[in-house]
Amino acid sequence: MLLISPDGVEEALDCAKAAQHLDIVDVKKPDEGSLGANFPWIIREIREAVPADKPVSATVGDVPYKPGTVAQAALGAVVSGATYIKVGLYGCTTPDQGIDVMRAVVRAVKEHNPDALVVASGYADAHRIGCVNPLAVPDIAARSGADAAMLDTAVKDGTRLFDHVPPDVCAEFVRLAHASGRLAALAGSVRQDDLGELTRIGTDIVGVRGAVCEGGDRNAGRIQPHLVAAFRAEMDRHDRERTAGLPAAR
Ligand SMILES: O=C[C@H](O)COP(=O)(O)O
């Protein structure tokens, strides 16, 4: 699945123009961090702006180790219409802290909407911010009852997912997530030329912003529907080749 992250209602409308090429519209506020949370009314407006058959995801933020605070924020996101709730475990330094936060989020979200999916996100560049190790995230997701384990990059400085977590380690991440029946989502300045590896290792959800913004610039550029279409076409090409048993082209 392809998850695209607009930064507000205008860009969500651009996503709506490319709706047939994407699977999930992910609401965030990039100026508040890699998984920065947007306002509840923006989540609501975006929910109304994108076709009803496209799920809306919302990030709850690069969160501290404060299970109560984060559970309440997650409830805000699901009440506002998001059905994928993503939590960036920024302030969790141990797996137990990650599990505490995610258990509280799962309860808050599922009591409101049992069908909503909860995503536990770690950071590929965890070593730069001192948070929990990327390969601990699938177990955090499993033990807390979250539905998916994700990696993104915390510092958007041009370094990318594979700069911090090489493909063979990402493959292990996916294997661990799948072993406990979770979805595996990968993001972090992913580009089209990463799609061969991401497909080969069985990634369920690829998250992007920069690669579908004009000039590849996630801050100054805006999401372009034709770039979303091109990215999707490349994803589909790799998927077809994988299904046909051909070696994935780079
Ligand atoms: O969840 C996906 C992120 O927004 C990825 O953004 P990026 O591709 O600019 O790193």
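Both counts, for ligands and for their atoms, begin at 1 and track the order of listing.
Neither the backbone nor the side chain of Arg160 has a heavy atom within less than 4.0 Å of ligand 1. When non-hydrogen atoms are compared, ligand 1 lies under 4.0 Å from the side chain of Asp152 (C-beta onward) but not from its backbone. Residue Asp26 touches ligand 1 through its side chain alone, judged by heavy-atom distances below 4.0 Å. Residue Ser5 touches ligand 1 through its side chain alone, judged by heavy-atom distances below 4.0 Å.
The OG1 atom of Thr203 sits 11.5 Å away from atom CG of Leu183, with the distance rounded to the nearest 0.5 Å. With rounding to the nearest 0.5 angstrom, the SG atom of Cys213 is 8.5 Å from the CG atom of Asn219.
Between His164 and His127, the ring-plane angle classifies as tilted under the 30° and 60° cut-offs.
Screening Thr83, Asp26, Asp23 for a side chain to side chain donor-acceptor pair (under 3.5 Å) involving Ser57 leaves a single residue, Asp26.
Taking every non-hydrogen atom of Gly210 and a distance limit under 4.0 Å, the qualifying atoms of ligand 1 come out as 7 (P), 8 (O), 9 (O). Atoms of ligand 1 lying under 4.0 Å from any heavy atom of Lys86, numbered from 1 in the order shown and given with element: 1 (O). Every atom of ligand 1 with a heavy atom of Gly188 under 4.0 Å away is listed here by number and element: 10 (O). Atoms of ligand 1 lying under 4.0 Å from at least one heavy atom of Lys156, given by number and element, are 5 (C), 6 (O), 7 (P), 10 (O). Of all atoms in ligand 1, listed by their number and element, those nearer than 4.0 Å to a heavy atom of Met150 are 1 (O). Close contacts of ligand 1 with Leu3, meaning ligand atoms under 4.0 Å from a residue heavy atom, involve 1 (O). Listed by number with element, the atoms of ligand 1 under 4.0 Å from a non-hydrogen atom of Ser189 are 7 (P), 8 (O), 10 (O).
Ion pair Arg209/Asp152 not flagged as a salt bridge, since none of the NZ, NE, NH1 or NH2 atoms sits closer than 4.0 Å to an Asp/Glu carboxylate oxygen. Using a 4.0 Å cut-off between charged side-chain N and carboxylate O, Asp236 and Arg240 make no salt bridge. Salt bridge Glu48/Arg44: absent, no basic N to carboxylate O contact under 4.0 Å.
Ranking protein heavy atoms by distance to atom 3 (C) of ligand 1, first place goes to Lys28 NZ, 3.1 Å. For atom 9 (O) of ligand 1, the closest non-hydrogen atom of the protein is Arg218 NE, 2.6 Å. Here the protein heavy atom with the shortest distance to atom 8 (O) of ligand 1 is Arg209 N, 2.9 Å.
With hydrogens and angles ignored, the 3.5 Å screen pairs no side-chain donor or acceptor of Lys86 with any backbone N or O of Ser121.
Nearest heavy-atom pair across Ala120 and Ala141 is CB-CB, 4.2 Å.
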